[in-house]
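This report concerns only the one structure given below.
Lettering follows sequence order; numbering is per chain, from 1. Since this is a predicted model, take the numbers as computed values, not measurements.
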Amino acid sequence: MQLYNTMSRKKEEFTPVRAGKVNMYVCGITAYDYSHIGHARSAVVFDVLVRYLRYLGLDVTFIRNFTDVDDKIINRANQEGASWTDIVGKYIGAFHEDMDKLGVLRADFEPKATDHITDMITLSQALIDKGHAYSTPSGDVYFRVRSFEGYGKLSGRSLDDMQAGARIAPGEEKEDPMDFALWKAAKPGEPYWDSPWGKGRPGWHIECSAMSEKYITLPLDIHGGGLDLIFPHHENEIAQSEAALGHEFSRYWVHNGFVQVNSEKMSKSLGNFKTIRDILASYLPETLRFFLLTRQYRSPIDFSFDAMDDAEKNLKRIYQSLEAMQEALQKDKWTPAKPDAAIMDEIDKTARLWAESMEDDLNTAAALGHINNLVRLVNRVLETKGLNKSEAGREALARCSRLLKEWGVVLGIFGQEPQKFLAELKNMQISRKQIDTSKIDSLIQQRQDARAAKDFTRSDAIRDELAALGVALRDTPQGVVWELL
RNA sequence: GGCGGCAUGGCCAAGUGGUAAGGCAGAGGUCUGCAAAACCUUCACCCCCAGUUCAAAUCUGGGUGCCGCCUCCA
């Protein structure tokens with residue numbers, strides 16, 4: 001498949017270092033707060049990448065770390081009057097809950113920084129020994145950026161350009177203002193570990209270098225994360241790892257775009273910050289996941305409730321079709337007929353287009369378009385008299401059913417029983433729109449009475465009344481069904 | 001100031017050299033007592049200007065607008 005590599009700034013054919021085997025590392029969260037929908041996007045995007053690579057038959061080892069020691073965590077602990085370990089435990093737990101709901105698979109390894117202090121010390125010491133890092137009198141250790149020739153190659157900046165910026169204040173003990181910390185001397189009241197340089201804690205960047213090396217043989221095939229991690233985080237990881245290893249750290253660098261609100265980045269200061277929990281209070285997890293897949297992963301995606309409503313409607317339409325198809329396929333009487341070549345060709349063509357979309361840098365937005373086309377085809381078969389009772393129709397439906405199932409596994413959607421999903425969706429909508437169901441039921445009964453009396457004027461008036469409440473009726477052979485518009 | 005991204009119908013969004021996928025919304029039709037759902041039909045010359053080309057939304061140059069990174073950040 002083609003994957004966009006931030007390092008080369010173009011799409012490249014993805015070829016693993018070892019045939020058939022993919023080692024992938026994605027930067028996880030710092031566990032100091034509930035995860036927001038930006039975290040959700042990153043998690044979903046890389047989850048789909050893992051699923052797709054596995055679908056292609058590759059043996060993927062996936063690592064996603066937790067940063068569990070950091071200024072933000074310490075601050076949060078002080079705010080909440082809790083220990084930093086409690087904070088970390090709470091928010092890692094919350095992360096897992098959120099991700100499970102979103103259908104994001106657990107990583108094969110989910111290492112925490114504090115479980116690998118020794119590895120980080122070892123790596124830092126190795127960098128000092130090679131002249132790539134130095135310790136200071138107060139017990140900090142810094143990476144010497146000037147000692148690493150490739151510094152800036154990922155983010156496309158030169159040290160001189162960066163230093164021209166006026167906003168970088170030289171640290172007192174740094175040789176160079178751009179040098180970054182591998183180890184920070186402990187401040188009073190902060191967690192610390194013993195090290196050759198005294199009590200302290202690791203810097204942020206070193207954890208990913210140390211932990212990736214610990215779990216797999218470098219180089220990585222893919223290193224991923226949010227766009228904002230390119231600089232300084234990933235740049236620094238490259239410097240550390242490549243300086244220590246003497247060879248490439250990761251073959252492909254994959255970065256997802258942001259979730260925005262009103263075309264701006266989410267931030268606490270702008271007050272447009274949405275946690276996953278906020279959204280799941282009024283939308284099903286699968287709707288959020290579906291929404292996140294409606295744009296190609298590198299583009300920014302603008303979050304809004306209107307957009308969520310659109311995603312929800314589309315998802316509902318697909319599930320309704322899945323339900324109808326499932327029901328139809330349970331029939332055991334079909335009139336003999338040869339497969340309809342035109343329809344089968346159309347299915348094959350759609351399957352090809354779906355695959356091409358996924359092959360093209362994981363274009364899930366395009367892939368969903370093809371899924372919708374297949375759904376329309378399913379509905380057409382179900383509606384076409386004759387065909388919907390013949391073996392030709394059954395053949396087509398069975399094929400579509402298989403494909404949709406397969407694609408759903410890759411995208412992490414369509415995994416639920418349609419009936420169950422649709423019922424849950426209705427409940428979610430009732431609660432979100434604060435619908436008074438007893439009132440609805442009562443109106444429906446009144447309408448049924450009117451209809452029984454052939455008073456269609458009254459019957460239609462009640463329908464209009466219900467429509468004004470956002471309720472649509474369906475008169476089916478099994479009785480009246482209502483749903484939300 | 002340095003680096004980078006984006007601009008496609010009412011809204012969202014694919015497409016990156018051969019004359020515009022899909023979703024949501026709208027219009028007409030089939031179906032229905034009337035509806036709903038579904039299906040069919042319909043609805044765009046792609047921010048502006050100039051250039052390259054037989055051919056550009058798609059390449060080049062310029063302009064305008066928006067966004068991100070350079071500081072913790074998915």
Side-chain angles (χ1 to χ4, degrees), chain A residues 6 9 26-30 32-33 35-46 67 70-72 75 152 155-158 160-169 178 204 224-233 235 255-260 263-268 290-291 294-296 298-302 304 306-307 309-318 320-321 324 350 353 357 360 363-384 451 454 456-457 459-461 463-464 466-467 471-476 480-483 485:
Chain A
T6 306
R9 300 195 183 260
V26 173
C27 293
I29 58 159
T30 298
Y32 77 106
D33 203 349
S35 298
H36 55 65
I37 53 180
H39 296 118
R41 185 182 198 194
S42 185
V44 167
V45 162
F46 289 105
T67 298
D70 173 89
D71 288 336
K72 292 191 294 290
N75 292 340
S155 54
R157 318 154 194 252
S158 74
D160 297 322
D161 286 344
M162 287 188 274
Q163 291 187 351
R167 294 163 74 185
I168 298 158
M178 292 308 293
W204 174 38
L227 204 65
D228 52 340
L229 295 181
I230 294 172
F231 190 88
H233 188 53
E235 197 69 74
H255 294 99
N256 67 275
F258 282 119
V259 176
Q260 305 182 319
S263 300
E264 288 176 316
K265 182 173 169 176
M266 283 194 304
S267 74
K268 290 187 175 171
F290 187 92
F291 163 72
T294 58
R295 276 211 88 171
Q296 203 275 348
R298 282 189 290 123
S299 304
I301 185 168
D302 217 41
S304 70
D306 284 346
D309 288 341
D310 285 355
E312 187 178 72
K313 282 176 191 160
N314 192 178
L315 189 58
K316 179 182 175 187
R317 186 176 116 83
I318 295 170
Q320 280 176 329
S321 180
T350 305
L353 290 171
S357 300
D360 182 15
N363 192 341
T364 54
L368 288 176
H370 299 122
I371 285 176
N372 273 305
N373 282 331
L374 195 69
V375 165
R376 191 178 331 105
L377 200 131
V378 165
N379 290 333
R380 205 161 71 210
V381 171
L382 290 170
E383 291 257 325
T384 306
R451 290 180 79 207
K454 302 265 186 230
F456 293 119
T457 312
S459 156
D460 290 350
R463 180 195 287 291
D464 290 344
L466 284 162
V471 172
L473 300 183
R474 281 169 77 174
D475 295 321
T476 74
V480 182
V481 177
W482 64 273
E483 52 190 42
L485 291 170

* Assign Asp460(A) to base, sugar-phosphate, or nothing according to its heavy-atom contacts below 4.0 angstrom with the strands shown. => base
* Asked: Base, sugar-phosphate alone, or nothing: which one does Phe456(A) contact when heavy atoms must sit under 4.0 Å apart?
  -> base
* Name the nucleic acid region contacted by Val259(A), choosing base, sugar-phosphate or nothing; use a 4.0 angstrom heavy-atom cut-off, strictly under. => base
* **Sugar-phosphate only, base, or nothing, as touched by Gly226(A) at under 4.0 Å among non-hydrogen atoms** => sugar-phosphate
* Asked: Is Asn256(A) touching bases, backbone alone, or none of the nucleic acid, heavy atoms closer than 4.0 Å?
  -> base
* To do: For Leu473(A), report the nucleic acid contact type (base, sugar-phosphate, nothing); a contact means any heavy atom under 4.0 Å.
  => base
* Should rA50(B) form a Watson-Crick or G-U wobble pair with both distances under 3.5 Å, which nucleotide is its partner? -> rU60(B)
* **Nucleotide nearest Glu383(A) (side chain, heavy atoms from C-beta), chosen from rC24(B), rA38(B), rG68(B)** => rA38(B)
* Distance, P atom - from rC47(B) to rA36(B), rounded to whole angstrom -> 36 Å
* What is the nucleic acid contact for Ser357(A), judged by heavy atoms within less than 4.0 Å: base, sugar-phosphate only, or nothing? -> nothing
* Nearest-0.5 Å distance that lies between atom CG in Leu315(A) and atom CZ in Phe291(A) -> 13.5 Å
* Asked: What's the spacing between Thr294(A) OG1 and Ile301(A) CD1 if we round to 0.5 Å?
  -> 4.0 Å
* Asked: NA contact type, Gly224(A), heavy-atom cut-off 4.0 Å: base, sugar-phosphate, or nothing?
  -> nothing
* To do: May I ask you to say what His370(A) touches in the nucleic acid, namely base, sugar-phosphate or nothing, with a heavy-atom cut-off under 4.0 Å?
  => nothing
* Structure fact -> Against the side chain of Arg380(A), the closest entry in rA37(B), rG68(B), rC40(B) is rC40(B)
* Report the base-pairing partner of rC6(B) (Watson-Crick or G-U wobble, both distances below 3.5 angstrom), or none. => rG65(B)
* **Donor/acceptor link under 3.5 angstrom from Asp228(A) side chain onto base of rG68(B)** => no
* Is any N or O donor-acceptor pair between the side chain of Asp70(A) and the base of rC72(B) shorter than 3.5 Å? -> no
* Enter the distance from Asp228(A):CG to Cys27(A):SG here, rounded to the nearest 0.5 Å. => 10.0 Å
* To do: May I ask you to evaluate whether Asn363(A) reaches the phosphate of rA14(B), defined as a side-chain N or O under 4.0 Å from OP1 or OP2?
  => no
* To do: Decide yes or no, distance alone: a donor-acceptor N/O pair under 3.5 angstrom between the base of rA35(B) and the side-chain of Arg463(A).
  => yes
* Could you work out the separation of rG15(B) and rA7(B) based on their P atoms and round it to a whole Å? => 10 Å
* Consider the side chain of Arg9(A), meaning its heavy atoms from C-beta on, and name the nucleotide among rG4(B), rC39(B), rC73(B) that approaches it most closely. => rG4(B)
* **Polar side-chain atom of Asp302(A) near backbone of Ser263(A) as donor-acceptor pair, under 3.5 Å** => yes
* For atom C1', what is the distance between rG26(B) and rU52(B), given to the nearest Å? -> 40 Å
* To do: Provide the distance between the two C1' atoms, one in rA55(B) and one in rG51(B), to the nearest whole Å.
  => 15 Å
* To do: Pick base, sugar-phosphate or nothing for Asp475(A), based on heavy-atom distances below 4.0 Å to the nucleic acid.
  => base
* Side chains of Asn373(A) and Arg376(A): do they bring a donor and an acceptor to under 3.5 Å? -> yes
* Within the structure, does a side-chain N or O atom of Lys265(A) lie under 4.0 Å from either OP1 or OP2 of rA74(B)? -> no
* Have a look at Ala307(A) and say if it touches a base, only the backbone sugar-phosphate, or nothing, with a 4.0 Å heavy-atom cut-off. => nothing
* Nucleotide forming a Watson-Crick or wobble pair with rA21(B), both distances under 3.5 Å -> none
* Is there a donor and acceptor pair, one atom on the side chain of Lys72(A) and one on the base of rC73(B), closer than 3.5 Å? -> no
* Asked: Less than 3.5 Å between a donor and an acceptor, one on the side chain of Arg376(A) and one on the base of rG22(B), is that the case here?
  -> no
* Asked: Checking all strands, does Arg317(A) fall into the base, sugar-phosphate, or nothing category for heavy-atom contacts under 4.0 angstrom?
  -> sugar-phosphate
* Structure fact -> As its Watson-Crick or G-U partner within any shown strand, both distances under 3.5 Å, rC39(B) has rG29(B)
* **Lys313(A) side chain near rA25(B) phosphate (N/O to OP1/OP2, under 4.0 Å)** => yes
* Structure fact -> The answer to which of Arg295(A) and Leu485(A) contacts RNA chain B further toward the 5' end, by nearest nucleotide, is Arg295(A)
* In whole Å, what separates the C1' atom of rG22(B) from that of rU8(B)? -> 14 Å
* Judged by atom type as modelled, is there a donor-acceptor pair below 3.5 Å linking the side chain of Asn363(A) to the main-chain atoms of Ala366(A)? -> yes
* Structure fact -> By nearest-nucleotide position on RNA chain B, the 5'-leaning member of Asp360(A) and Arg451(A) is Asp360(A)
* Measure the CD1-CG distance between Ile371(A) and Leu374(A) for me, rounded to the nearest 0.5 Å. => 8.5 Å
* **Lys/Arg-Asp/Glu bridge criterion (N-O < 4.0 Å) met for Arg157(A), Glu235(A)** => no
* Pick the P atom in rC6(B) and in rA14(B), then give their distance to the nearest Å. => 11 Å
* Using purine N1 to pyrimidine N3 plus N6-O4 or O6-N4 for Watson-Crick, or N1-O2 and O6-N3 for G-U wobble, both under 3.5 Å, which nucleotide pairs with rU16(B)? -> none
* Asked: P atom, rG17(B) versus rA13(B): distance in rounded Å?
  -> 22 Å
* Asked: Does rC45(B) have a Watson-Crick or wobble mate here (both distances under 3.5 Å), and if so which one?
  -> none
* **rA20(B) and rA57(B), which share atom name P, separated by this distance in whole Å** => 9 Å
